[in-house]
Amino acid sequence: MHDIRAIRENPTAFDAALARRGNDPMSPTILAIDEERRAKITRAEAALAERNAASKLVGAAKASGDDAEFERLRALVSDKKTEVAALEEEAKGMDAKLNDLLMTIPNLPYDDAPMGADENDNVEMHKWGTPPVLDFEPVEHFDIKSVTRGMDFETAAKLSGSRFVILSGAIARTHRALAQFMLDVHTTENGLTEVNAPVLVRDETMLGTGQLPKFAEDSYQTTNGWWLIPTSEVTLTSIPAGTTMDDESLPKRFTAHSLCFRSEAGSAGRDTSGMLRQHQFEKVEMVSITKPEESDAELERMTKCAEGILERLNLAYRTVKLCTGDMGFGARRTYDIEVWLPGQNTYREISSCSTCGDFQSRRMNARFKRTGEKKPEFVHTLNGSGLAVGRCLIAVLENGQQADGSVNLPDVLHPYMGGKTKINADGSLG
RNA sequence: GGAGACGUGGCCGAGUGGUCGAAGGCGCUCCCCUGCUAAGGGAGUAAGCGGUUUGUAGCCGUUUCGAGGGUUCGAAUCCCUUCGUCUCCGCCA
């Protein structure tokens, strides 16, 4: 949600920032509505003030027992009433119109977000690790011999359709181990608070983080109106919605392991094989709520938390800064972390860390008050994957694959695997 | 799912149609007093929006007593709807 005052004060800057994302200028439309809205409000309030003044006199007349005067004023107020109602209706209408429009406009990228149209214009920030050197031709995760029996797409399709998978045995265990490992690192070493939150939420929650109103078709909705969260960014970020926090309580740092649901509308034909892109997947999410001046540093911190997971798993990755055209609706700056997948011989996204500034906090009215100050301010919100569990499983399997079809598991996972260190070619743990 | 109760300012809690943004208390801020501490005295202490303004100061107006709608000249107070919380029953992981 954009600050209408900011747009009013500097419409040129607003449009320029939108233009960097490839959006058409909006300020003329916005300001026209805003002007009309304010005019309506002024008129409605003037009428209200008259009515209220008369109404007070009615009370006084009644109290003093002047019945004639009481009846006269009562009629006057009654007349005013219809006028006020009409004017208020108009003012409300314009207010809603402005709000509806503002809710559909994406966040403004920071100046340092590189300008560009799509992922080809993203800027690589740094790389870590080296892709494993293999003396055989690596295959994709679903073709690794030890994986095939524990990763069943056919049966999942029978139960649910395409873009679902059934994991079993050592593969399911490794998947679970990864999530546990991530949560443990985040809670014990990164200082995040573990949270377990609903995956079904109401409209206003999805509006707050920006999934609605524009992207309804990307998410699933139950018959009674709940939405299945596409990411626990939605719930974690919404925890302080509607509240005013003390500044000592910031930053708040949350992490959660949850199911995520995405319709993947519009991605037909993309990543159709394997479990890279599913309708249902698990993710360990990180969310930070900060003061405005802390959010830049927080994004770096959060990104390092995500990178740290990959480093401990000894998985090569690169971090890219998203260009303006590739950033999400609510983001002002985004770092994507891409892990090396030998089977695809390329880096693929495994985490996305964004700062949203006060865009989401305005939508959900999440504020804080500095000690000694009287005015509350909007907090900044950040979110990042730490990491996508399913994709991390893919990376572990593909990077650990051996010539005989077995998979060597990263050292840090061994304690989570009951001390086992590899998945044998026959699919058993070894 | 059935029955009932409740939802007031940062918190607690009065208030059942008239001048209530709302008593009182707590907390917080400032001042006074007290040679520390404790106690005491006084004042202040919501936010949104619109207007005015050089001004995020002040002033004026307006809205807000979970939310939305209605009755009324007038609603925190009455009615309806809705969301939420709690209690009892049922069901159930």
Side-chain angles (χ1 to χ4, degrees), chain A residues 1-10 30-100 102-103 196-208 222-227 235 238-250 259 291-293 358 361-379:
Chain A
M1 179 66 121
H2 293 285
D3 182 3
I4 183 62
R5 290 164 193 267
I7 301 174
R8 226 183 270 154
E9 271 171 33
N10 201 341
I30 295 169
L31 293 181
I33 296 172
D34 180 50
E35 203 167 313
E36 193 180 344
R37 165 183 157 268
R38 286 188 290 155
K40 302 264 192 220
I41 289 175
T42 303
R43 284 210 295 158
E45 291 194 344
L48 258 174
E50 288 181 46
R51 192 205 67 186
N52 289 346
S55 190
K56 280 201 173 185
L57 295 177
V58 176
K62 172 89 171 181
S64 69
D66 187 342
D67 286 348
E69 182 66 357
F70 173 72
E71 287 303 333
R72 192 185 71 79
L73 289 166
R74 175 184 165 141
L76 183 86
V77 173
S78 190
D79 287 349
K80 272 281 164 207
K81 206 179 130 181
T82 43
E83 181 192 343
V84 166
L87 290 171
E88 273 192 317
E89 188 69 25
E90 287 183 30
K92 268 191 183 175
M94 289 309 294
D95 201 51
K97 189 172 171 184
L98 178 64
N99 193 56
D100 289 350
L102 289 178
M103 287 293 273
N196 191 300
V199 297
L200 292 170
V201 299
R202 52 170 97 258
D203 289 354
E204 62 188 88
T205 311
M206 294 280 277
L207 281 162
T222 66
T223 51
N224 69 341
W226 281 325
W227 295 90
T235 40
S238 299
I239 287 173
T243 68
T244 303
M245 292 160 274
D246 298 328
D247 59 355
E248 313 93 76
S249 71
L250 300 177
L259 282 167
K291 298 182 211 175
E293 66 272 23
D358 61 5
S361 62
R362 282 179 183 282
R363 289 176 159 247
M364 64 179 67
N365 194 26
R367 300 178 296 174
F368 77 102
K369 200 183 276 189
R370 298 179 197 272
T371 6
E373 297 289 320
K374 48 276 150 205
K375 290 284 179 192
E377 301 169 51
F378 289 105
V379 295

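In what follows, every chain begins at residue 1, and chains take the letters A, B, ... in the order their sequences are listed.
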Quick test: give all pairs of protein nitrogen or oxygen and nucleotides 91-93 of chain B nitrogen or oxygen below 3.5 Å, distance rounded to 0.1 Å.
none

Pick out the pairs of N or O atoms, protein on one side and nucleotides 65-72 of chain B on the other, that lie under 3.5 Å.
residue : atom : partner : partner atom : Å
B:G69   : OP1  : A:Lys92 : NZ           : 3.1

Please write out the pairs of protein N or O atoms and N or O atoms of nucleotides 51-55 of chain B separated by less than 3.5 Å, giving the distance to one decimal.
residue : atom : partner : partner atom : Å
B:G51   : OP1  : A:Arg38 : NH1          : 3.2

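Counting to the nearest Å, the C1' atom of B:G50 and the CD1 atom of A:Ile4 are 13 Å from each other. Distance A:Asp34 CG to B:C49 P: 11 Å, rounded to the nearest Å. We find that CD1 of A:Ile33 is positioned 18 Å from C1' of B:G50, with the value rounded to whole Å. In this structure, A:Glu204 places its CD atom 9 Å from C1' of B:C83, rounding to the nearest Å. Rounded to an integer number of Å, the gap from CD of A:Glu88 to C1' of B:U64 is 13 Å. The nearest whole Å value for the distance from the CG atom in A:Asn365 to the C1' atom in B:U64 is 13 Å. Per the geometry, CD belonging to A:Glu90 stands 18 Å off C1' belonging to B:C49, to the nearest Å. Rounded to an integer number of Å, the gap from A:Arg367 CZ to B:G48 C1' is 8 Å.
For A:Pro198 against A:Thr235, the heavy-atom pair with the smallest separation is O-CG2, 3.2 Å. In this structure, A:Met1 and A:Leu102 approach most closely via the heavy-atom pair SD-CB, 3.6 Å. Taking each heavy atom of A:Val199 and A:Leu259 in turn, the nearest pair found is CG1-O, 3.9 Å.
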List the atom pairs, with distances to 0.1 Å, where a side-chain N or O of residues 83-95 of chain A and a protein N or O form a donor-acceptor pair under 3.5 Å, not counting sequence neighbours.
residue : atom : partner : partner atom : Å
A:Glu83 : OE1  : A:Lys80 : NZ           : 3.2
A:Glu90 : OE1  : A:Lys40 : NZ           : 2.7
A:Asp95 : OD1  : A:Arg37 : NE           : 2.6

Per-pair distances, 0.1 Å, donor-acceptor, side chain in residues 239-247 of chain A, under 3.5 Å, sequence neighbours excluded:
residue  : atom : partner  : partner atom : Å
A:Thr243 : OG1  : A:Pro240 : O            : 2.7
A:Asp247 : OD1  : A:Thr371 : OG1          : 3.3
A:Asp247 : OD2  : A:Thr371 : N            : 3.2
A:Asp247 : OD2  : A:Thr371 : OG1          : 3.3

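Remark: A:Arg202 is in phosphate contact with B:G84, judged by side-chain N or O atoms under 4.0 Å from OP1 or OP2.
Considering only residues two or more places apart in sequence or on other chains, A:Asp3 meets the salt bridge (Lys or Arg N to Asp or Glu O under 4.0 Å) condition with A:Arg362. Scanning for salt bridge (Lys or Arg N to Asp or Glu O under 4.0 Å) contacts around A:Glu377 gives A:Arg370, with sequence neighbours left out. Listed by chain and number, the residues in a side chain to side chain contact (heavy atoms under 4.5 Å, CB included) with A:Thr223 amount to none (sequence neighbours excluded). Under the salt bridge (Lys or Arg N to Asp or Glu O under 4.0 Å) criterion, A:Arg367 pairs with no residue at all, not counting sequence neighbours.
If you check residues 45-52 of chain A against RNA chain B, the residues with a heavy atom closer than 4.0 Å are A:Glu45, A:Leu48, A:Ala49, A:Asn52, listed by number. For RNA chain B, no neighbouring residue in residues 238-247 of chain A is found when judged by any heavy atom under 4.0 Å.
A:Ser361 places no side-chain N or O within donor-acceptor distance of the main-chain N or O of A:Phe378, the cut-off being under 3.5 Å.
To the nearest 0.5 Å, atoms CG (A:Leu98) and CD1 (A:Ile4) are separated by 5.0 Å. If you take CZ on A:Arg202 and CG on A:Asn224, they are separated by 10.5 Å, rounding to the nearest 0.5 Å.
Note on A:Arg37: only backbone sugar-phosphate atoms sit closer than 4.0 angstrom, heavy atoms only; bases stay farther off.
Where pairing requires Watson-Crick or G-U contacts shorter than 3.5 Å, the helical stems of RNA chain B with at least three consecutive pairs are B:1-7 with B:83-89, B:10-12 with B:24-26, B:27-32 with B:40-45, B:46-52 with B:58-64, B:66-70 with B:78-82.
The shortest distance between side-chain heavy atoms of A:Trp227 and A:Thr222 does not fall below 4.5 Å.
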